[in-house]
Structure formats: C-alpha cells, structure tokens
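Some notes on the structure that comes next.
Every heavy atom of this structure was used, including side-chain atoms; hydrogens, water molecules and symmetry mates were not. Since the structure is predicted, the reported quantities are computational estimates derived from the model, not experimental observations. Numbers restart at 1 for each chain; the letters A, B, ... are given by sequence-line order, proteins then strands.
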There are 2 protein chains.
Amino acid sequence: MSLRLDEQVCFGLYSASRAVTSLYRVLLEQMDLTYPQYLVMLALWERDNRLVKELGAELNLDSGTLSPLLKRLEATGYVQRTRQPDDERSVRISLTEAGTRLRDQAKRIPPVVGEAMGLDDEGLTRMRADLDRLTDSVNAYRESLA
Amino acid sequence: MSLRLDEQVCFGLYSASRAVTSLYRVLLEQMDLTYPQYLVMLALWERDNRLVKELGAELNLDSGTLSPLLKRLEATGYVQRTRQPDDERSVRISLTEAGTRLRDQAKRIPPVVGEAMGLDDEGLTRMRADLDRLTDSVNAYRESLA
DNA sequence: CGCAACTAGGTTGTACACAACTAATTTGAG
DNA sequence: CTCAAATTAGTTGTGTACAACCTAGTTGCG
C-alpha cells in the first residue's frame with residue numbers, strides 16, 4: 001500500500017466522479033441544471049412534496065448545501081418552497097409545472113450516460129453495487145472513529 | 001435505464017467519492033491538509049520540483065483550482081513557489097523541509113483507507129482498474145461531443 | 001526584425017460541500 | 001405547565017471545481 005498516486009483507489013474515484021460530473025454539465029446545460037440540482041430533481045420526480053430534511057437524508061446533504069441550492073432551483077422556476085403550517089420549522093419542496101414537465105427532457109439522459117460509461121446493463125449494475133458496498137464500508141469505518 | 005436515483009451509477013460515484021473524501025478529512029486534519037492538497041503532495045513526493053502545468057496535467061486540474069491551492073500549501077509551509085528563470089511564465093513547485101518530512105506521517109494513511117474500504121489488495125486493484133476504464137470512457141465520449 | 005499567435009499562470013464569478021453557528025419552533029421531562 | 005433540550009432551516013466562512021477572462025512572456029512566420 002504505497003503513496004503512489006496512480007495506485008490509489010481514492011484518486012480513481014475522484015477522477016471518475018469529476019469526469020462524470022463534467023459530462024453531466026454538458027448534458028444538463030440546456031435544462032439550466034447543475035449536477036447536484038439534477039440529483040434533487042431526480043429525488044422529487046420519484047416523490048414530490050418533500051421536506052428539506054427528507055431530501056437531505058436521501059442525498060446525504062446538509063442544509064448548508066441544500067438551502068442555497070433549493071433557492072436557486074426556486075429562482076429557475078422548477079420548485080416551490082412552502083413553510084409547513086403544522087410545523088413552522090419545516091419547509092416543503094414541491095415541483096412546479098415547469099419542474100414536472102422537465103422530467104420528459106431528462107428521460108433521454110440516463111441512456112446517454114450509460115453509453116458514455118461503456119458498460120452494459122450488467123456492468124452498470126455491478127459497478128453500482130461495488131460502489132454502494134464501498135460507500136457503506138467507508139462510512140461505517142469513519143463513524144467508528146468517532 | 002430509468003430516472004430512479006438509487007439505480008444510477010453516477011449517484012453511486014458521487015456518494016462514494018464524498019464518503020472517501022470525508023474519511024480523508026478526518027485522517028488529514030492533523031497534517032493541516034485538505035484532500036486535494038494531499039493529492040498534490042502525493043504527486044510531489046513522487047517527483048519534486050514540478051511546474052504548475054505538470055501538476056495540472058497529472059491531476060487534471062486547471063490553474064483556477066491549482067493557483068489558490070498551491071498558495072495555501074505555501075502558506076502552510078509545505079511547498080515553495082519559484083518563477084522559472086529561463087521562462088518567466090512558468091512557476092516551479094518544490095517541497096520544503098517540512099513538506100518532505102510530512103511524507104513519513106502520510107505513509108500510515110493508505111493502509112487505513114484500504115482497510116476502511118473493506119477490500120483486499122486484489123479488490124482494490126480491480127476497483128481502481130474499473131474506475132480508470134470508466135473515466136477514460138466517459139472522457140472520450142465527452143470529447144467526442146465537441 | 002516585428003508582430004500575431006500561442007503559452008503559463010493568475011483572477012473573477014458561480015456553485016457546490018461542509019463545519020460551525022444561529023434563529024425559530026416544537027417537544028418532553030419534571 | 002414550564003423551560004431546557006432537541007429539531008429544522010438558514011447563514012457564514014473556507015476550500016475546492018471550473019468557465020471565462022486577463023496578463024506577461026515566448027515563439028515563429030513573413
């Protein structure tokens with residue numbers, strides 16, 4: 001286990017993640033979305049009317065990242081933010097008409113990304129499983145340090 | 001190829017990359033390094049006295065990221081920046097005494113990260129190869145769009 | 001030689017991440 | 001019932017990423 005840059009999985013992950021994000025940048029440009037904003041939209045297309053807290057739990061993002069991001073999505077016109085009447089601490093995020101419509105445009109993205117990754121369905125599934133295992137393992141280890 | 005968040009490799013990559021970075025944050029704290037700064041140090045421990053341009057090529061980072069990062073490394077006292085006399089456009093980055101010494105402390109990090117990932121040597125090698133293939137494929141695809 | 005094209009690094013502006021903190025509200029133990 | 005603790009968002013400050021632009025320096029064609 002050396003200090004060689006080209007041997008470390010961490011650098012591989014870092015590079016892969018940036019490469020994929022930069023592909024998404026090109027694909028999402030015309031939809032006026034950044035990649036993290038796209039992730040929020042994915043979550044909302046799956047289930048609309050979510051609390052900020054719920055989105056944070058699903059994406060593993062805290063309010064420091066989500067609050068300004070959601071404001072930008074609101075400014076773009078894709079979501080609406082409403083204080084929850086029965087608990088004034090909470091804010092509910094719901095899709096606007098434009099945000100809902102955007103889903104049709106977004107449908108063409110996953111196949112392009114799959115193609116770009118050069119993996120078939122099985123390869124994608126395996127890669128996803130490997131990454132999830134790695135994430136869980138690393139998170140468990142980190143939490144065990146505290 | 002759906003829009004389901006939990007099926008997308010991109011989200012797996014994004015999550016894994018952030019999980020690993022956050023483990024590094026804990027491990028690097030006592031060395032006064034951030035994770036991208038650590039990557040630069042890895043590159044310099046392998047070969048010292050490099051031009052900013054060379055570091056950028058190895059890490060795939062442009063001057064917009066590297067310039068301020070290298071200034072911070074200089075402020076911390078790990079590197080020195082010197083204009084190249086024979087080409088005043090270039091800046092050479094060299095390790096200081098403290099930066100060189102830091103390598104011994106850093107040696108303990110890769111085994112910890114390997115352990116945290118829950119992979120044996122073979123698993124790490126395979127994951128790294130898979131990630132490199134994916135990065136190359138995605139980058140090639142993106143460049144083909146231009 | 002002279003100057004246009006290129007190159008290396010830096011700066012500016014936008015958008016994440018995330019730690020640390022704050023403000024407003026809700027909850028629950030005593 | 002009350003108030004301290006917990007909860008939910010939001011804010012602030014630091015450090016990446018990266019596009020777009022800038023500046024100084026170098027090179028090479030005519």
Numerically ordered, the residues 31-56 of chain A set in heavy-atom contact under 4.0 Å with DNA chain C is A:Thr34, A:Pro36, A:Gln37
Between B:Ser90 and B:Ser22, the residue closer to the 5' end of DNA chain C by nearest nucleotide is B:Ser90
- Message: Check this for me, if you would: do A:Glu29 and A:Arg25 make a salt bridge, where the nitrogen-to-carboxylate-oxygen distance has to be below 4.0 angstrom?
- Response: no
| message | Looking at A:Tyr14, I'd like to know whether one of its side-chain N or O atoms comes within less than 4.0 Å of OP1 or OP2 on D:dA17. | response | yes
Taken to the nearest 0.5 Å, the spacing of B:Leu69 CG from B:Leu39 CG works out to 9.0 Å
Regarding the side chain of A:Arg18, the nearest nucleotide among D:dG10, C:dA8, D:dC18 is D:dC18
Check this for me: does any side-chain nitrogen of one of A:Asp136 and A:Arg133 sit under 4.0 Å from a carboxylate oxygen of the other? no
Exercise. Determine: side-chain N/O of B:Arg92 to OP1/OP2 of C:dG9, distance under 4.0 Å, yes or no.
Key: no
B:Leu73 atom CG is separated from C:dG10 atom C1', nearest whole Å, by 17 Å
Separation of D:dT16 atom C1' from B:Leu28 atom CG, nearest Å, is 14 Å
The correct set of residues in residues 57-71 of chain A placing a heavy atom under 4.0 Å from DNA chain C is A:Asp62, A:Gly64, A:Thr65, A:Leu69
request  = Look at the rings of A:Tyr35 and A:Tyr24 and say which category their plane angle falls in: under 30° parallel, 30 to 60° tilted, over 60° perpendicular.
outcome  = tilted
Side chains of A:Val40 and A:Leu66: closer than 4.5 Å at any heavy-atom pair? yes
Q) Is a donor on one side and an acceptor on the other found under 3.5 Å between the side chain of B:Trp45 and the backbone of A:Arg4? A) no
Is the side chain of A:Arg83 donor-acceptor paired with the backbone N or O of A:Arg89 at a distance under 3.5 Å, no angle test? yes
- Message: Quick one, B:Tyr141 and A:Met117 - any side-chain contact, counting heavy atoms below 4.5 Å?
- Response: no
**OP:** Could you tell me whether the side chain of A:Ser137 and the main chain of B:Ala116 form a donor-acceptor pair under 3.5 Å?
**Re:** yes
Assign each of A:Asp87 and A:Arg72 the nucleotide of DNA chain C bearing its closest heavy atom; nearer the 5' end lies the nucleotide of A:Arg72
Whole-Å distance, A:Leu23 CG to D:dA17 C1', equals 16 Å
Taking for A:Thr21 and for A:Arg83 the nucleotide of DNA chain D with the nearest heavy atom, the one nearer the 5' end belongs to A:Arg83
Just to be sure I understand the rule, does B:Arg25 reach a base, reach only the sugar-phosphate, or reach nothing, if contact means heavy atoms closer than 4.0 Å? sugar-phosphate
- Base D:dT26 paired with B:Arg89 side chain (donor-acceptor, <3.5 Å): no
